[in-house]
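Below, chain A is the first sequence line, B the second, and so on; all start at residue 1.
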There are 2 protein chains.
Amino acid sequence: MPSLNAPHTSERHPFQRLQSQLADLIALTPAGDRLPTEPELARRMGVSRATLREAMRTFEGQGLIRRRQGVGTFVVSHNHVIESGLEVLQSIESLAAKIGLEVTLGTLQVMRLSANQDQAAILSVPEGTPLLEVSRVIQAEDRPVAYLIDLLPEEFLTLDDLQDGFTGSVIDFLLRRGSPPLVNSLTEIHAVAASSEIARALEIQRGDVLLMFTARLFSGEGQVVDYSYSYFLPGYFRFHVVRRVG
Amino acid sequence: MPSLNAPHTSERHPFQRLQSQLADLIALTPAGDRLPTEPELARRMGVSRATLREAMRTFEGQGLIRRRQGVGTFVVSHNHVIESGLEVLQSIESLAAKIGLEVTLGTLQVMRLSANQDQAAILSVPEGTPLLEVSRVIQAEDRPVAYLIDLLPEEFLTLDDLQDGFTGSVIDFLLRRGSPPLVNSLTEIHAVAASSEIARALEIQRGDVLLMFTARLFSGEGQVVDYSYSYFLPGYFRFHVVRRVG
DNA sequence: AAAAGTCATGTTGTCAGACAATTGACATTT
DNA sequence: AAATGTCAATTGTCTGACAACATGACTTTT
């Protein structure tokens with residue numbers, strides 16, 4: 001029997017659902033407005049105040065809310081920062097759209113392969129596990145601007161899945177399907193010189209400067225669903241992050 | 001009455017002290033090791049378990065620890081490169097200290113200047129406002145690894161301030177003095193090729209790849225206190241960020 | 001009338017203790 | 001040897017309470 005309220009069906013871990021509900025509430029609350037009081041929110045979300053406060057702490061750490069003792073909890077201005085900031089994982093397609101960049105999918109390449117030692121370690125799967133590698137070039141203004149490679153076990157994505165309405169973004173596909181449930185991504189930020197292969201794909205010179213992200217995408221159980229490395233041409237993307245003073 | 005244990009004298013908010021203590025403990029705990037149990041930690045830190053768990057949640061959000069029900073809380077791997085979650089703003093010096101890396105101050109250069117149009121716009125001050133520019137080179141293992149430039153109005157930092165125990169880090173100085181109150185920083189992430197000037201300072205070749213941050217540091221009133229641009233040699237730093245699935 | 005002080009109220013911050021859920025190790029049975 | 005049961009340890013959550021703080025209304029003083 002399918003649930004009526006589809007948005008949050010990852011009922012496996014109540015804390016995640018709570019976080020998701022709170023995220024929605026914060027997103028829907030105008031900047032500067034006060035959230036309901038903690039006892040009220042706890043009652044409404046069906047959790048204790050202690051649990052609610054732990055969840056709230058995660059949003060405070062992201063600079064999304066500000067709590068003032070004796071006054072209340074307020075949503076901070078999330079106009080530019082959150083939209084295009086790194087705090088939220090979004091597919092490159094929607095990210096690019098947010099900065100007003102018309103993007104098209106360049107070459108798309110899908111390959112089945114068997115996990116070598118490094119890949120097995122990164123994805124926490126046994127060596128030899130069948131994997132799917134999806135690599136694609138993103139174009140803007142008739143020019144390649146990003147090169148993205150996703151690597152994930154066939155358990156999560158098969159060649160057959162890609163037959164039907166696959167736009168190129170693995171993340172968007174997984175999110176649309178709803179399983180496995182995605183929670184967060186640990187992204188590392190690097191600056192690299194373009195290798196020959198990357199240079200050819202992006203139509204630049206070998207050794208040119210690129211911004212590179214490597215990301216592990218985690219499911220609810222802490223399982224690695226997807227490992228991706230992304231190369232970005234400087235100038236076409238602006239990534240920023242709000243860092244709080246520790 | 002001076003406290004005996006000097007390390008954490010920011011007693012203004014007990015929660016911050018707790019976070020600082022926990023950060024140290026996590027930094028000093030070998031990767032993969034288990035932390036003490038929550039009741040034990042709460043007792044040792046002198047707080048309740050609920051408060052402790054809220055603080056732990058912030059570190060979990062940064063990917064520094066992993067909690068497993070029925071088993072314990074573990075420190076996740078942090079290698080010997082300077083690794084930092086971007087969620088929290090810390091000086092390179094304190095970052096390095098946390099992982100036990102010896103860093104020294106290379107060349108330090110301080111210059112008074114008068115805000116030109118761009119600088120005035122960035123710092124939200126009138127054109128001509130007297131500014132202080134602090135640039136420095138960070139060395140690790142007898143090699144320059146980072147080049148950092150801070151630009152801020154003399155209202156917040158004067159030449160005189162730097163006479164007395166200035167370690168090179170503007171952030172650390174402002175934090176130690178406690179005014180103006182720092183809240184957060186909006187950091188942009190770029191990849192650039194080294195200019196001649198930067199290449200000379202970092203003893204690399206012009207055109208070599210560098211990771212670059214530009215950051216505006218905000219006070220409580222939303223005022224821009226400091227504008228900085230930082231160049232990092234790849235390989236010596238590993239910055240990461242936890243992105244939640246929107 | 002204006003200023004200062006006082007108090008009530010509402011909100012977040014913290015606490016103590018308890019029980020539930022999960023895991024891992026060990027013992028027991030098949 | 002394998003499956004199952006038992007138990008202790010640990011994190012996850014809940015309940016209720018009080019402390020700290022901010023705000024506004026009210027009272028008192030000037």
Side-chain angles (χ1 to χ4, degrees), chain A residues 8 10-22 25-26 29 32-76 124 181 183-184 218-223 244 246, chain B residues 8 10-22 25-26 29 32-76 181 183 220-221:
Chain A
H8 303 294
S10 56
E11 316 280 332
R12 299 173 49 80
H13 293 313
F15 187 87
Q16 284 173 27
R17 185 167 132 231
L18 171 63
Q19 270 193 324
S20 183
Q21 287 177 348
L22 283 176
L25 176 64
I26 292 171
T29 302
D33 276 25
R34 208 186 70 176
L35 293 175
T37 69
E38 292 182 350
E40 162 68 17
L41 264 184
R43 189 194 59 72
R44 205 194 288 183
M45 304 294 194
V47 298
S48 74
R49 217 185 124 212
T51 301
L52 177 91
R53 280 180 59 79
E54 278 197 56
M56 297 286 260
R57 187 66 83 177
T58 70
F59 293 105
E60 191 182 31
Q62 297 171 32
L64 293 176
I65 60 173
R66 168 147 182 231
R67 304 193 285 187
R68 296 169 58 193
Q69 184 173 353
V71 184
T73 302
F74 298 83
V75 176
V76 311
S124 298
V183 172
N184 58 22
F218 291 94
S219 77
E221 293 79 17
Q223 201 171 15
R244 67 165 213 283
Chain B
H8 302 292
S10 55
E11 316 280 332
R12 294 169 46 82
H13 295 312
F15 187 87
Q16 285 179 16
R17 185 168 130 230
L18 171 64
Q19 271 192 324
S20 182
Q21 287 178 349
L22 283 176
L25 175 64
I26 292 171
T29 302
D33 276 25
R34 207 187 69 178
L35 293 176
T37 69
E38 292 183 350
E40 162 68 15
L41 263 185
R43 191 193 57 74
R44 205 194 286 185
M45 304 293 194
V47 299
S48 74
R49 213 183 129 214
T51 302
L52 177 91
R53 280 180 58 81
E54 279 195 56
M56 297 286 260
R57 187 67 84 178
T58 69
F59 293 105
E60 191 181 31
Q62 297 171 37
L64 294 176
I65 60 173
R66 167 142 184 234
R67 304 192 284 187
R68 293 170 59 194
Q69 184 171 352
V71 184
T73 303
F74 298 82
V75 176
V76 311
V183 173
E221 293 80 20

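A cation-pi arrangement is absent between A:Arg67 and A:Phe74 under the rule of less than 6.0 angstrom and at most 45 degrees off the ring axis.
With rounding to whole Å, A:Phe59 atom CZ is found 16 Å from C:dT12 atom P. One interatomic measurement links the two molecules: CZ of B:Arg43 to C1' of C:dT14, which rounds to 19 Å at whole-angstrom precision. Atom CG in A:Leu35 sits roughly 16 Å away from atom C1' in C:dG10 (whole-Å rounding). Look at CE on A:Met45: it is 15 Å from P on D:dT13, rounded to the nearest Å. Atoms CE (A:Met56) and P (C:dT12) sit 7 Å apart, rounded to a whole Å.
The phosphate of C:dG10 (OP1 or OP2) has no side-chain N or O of A:Thr37 nearer than 4.0 angstrom. Of the side-chain N and O atoms in B:Arg53, one or more sit less than 4.0 angstrom from OP1 or OP2 of D:dG12.
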What is the per-nucleotide protein-contact pattern of nucleotides 15-25 of chain C, from the 5' end, where B denotes a base atom under 4.0 Å from a protein heavy atom, S denotes such proximity for sugar-phosphate atoms only, and - denotes neither? B--B--BBBS-
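We find the CE-CD distance between B:Met45 and B:Gln21 to be 5.0 Å, quoted to the nearest 0.5 Å. To the nearest 0.5 Å, the span separating CE on B:Met56 from OG1 on B:Thr73 amounts to 4.5 Å.
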Would A:Leu18 and A:Leu52 count as a side-chain contact (heavy atoms from CB on, under 4.5 Å) here? Give the steps. CA-CA 8 Å; A:Leu18 171 63; A:Leu52 177 91; 4.3 Å; yes
Using side-chain contact (heavy atoms from CB on, under 4.5 Å), reason through B:Leu41 and B:Leu22 one step at a time and then give a plain yes or no. CA-CA 9 Å; B:Leu41 263 185; B:Leu22 283 176; 4.2 Å; yes
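Not a single donor-acceptor pair under 3.5 Å links the side chain of A:Thr51 to the backbone N or O of A:Val47.
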All N/O pairs under 3.5 Å across the protein-nucleotides 6-9 of chain C interface:
none

Table please: side-chain donor-acceptor pairs of residues 33-40 of chain A below 3.5 Å, with sequence neighbours left out.
from: A:Arg34; atom 1: NH1; to: A:Val71; atom 2: O; distance (Å): 3.4
from: A:Thr37; atom 1: OG1; to: A:Glu40; atom 2: N; distance (Å): 3.4
from: A:Glu38; atom 1: OE1; to: A:Arg49; atom 2: NE; distance (Å): 2.9
from: A:Glu38; atom 1: OE1; to: A:Arg49; atom 2: NH2; distance (Å): 2.9
from: A:Glu38; atom 1: OE1; to: A:Arg53; atom 2: NH1; distance (Å): 3.3
from: A:Glu38; atom 1: OE2; to: A:Arg53; atom 2: NH1; distance (Å): 2.9
from: A:Glu40; atom 1: OE1; to: A:Arg43; atom 2: NH2; distance (Å): 3.4
from: A:Glu40; atom 1: OE2; to: A:Arg43; atom 2: NH2; distance (Å): 3.2

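Set against C:dT14, D:dT10, D:dT11, the side chain of B:Arg34 has D:dT10 as its closest nucleotide. You'll find that the side chain of A:Arg67 is closest to C:dT12, out of C:dT12, C:dT14, D:dT11.
A salt bridge does not link B:Arg66 to B:Glu60: none of the charged side-chain nitrogens sits closer than 4.0 Å to a carboxylate oxygen.
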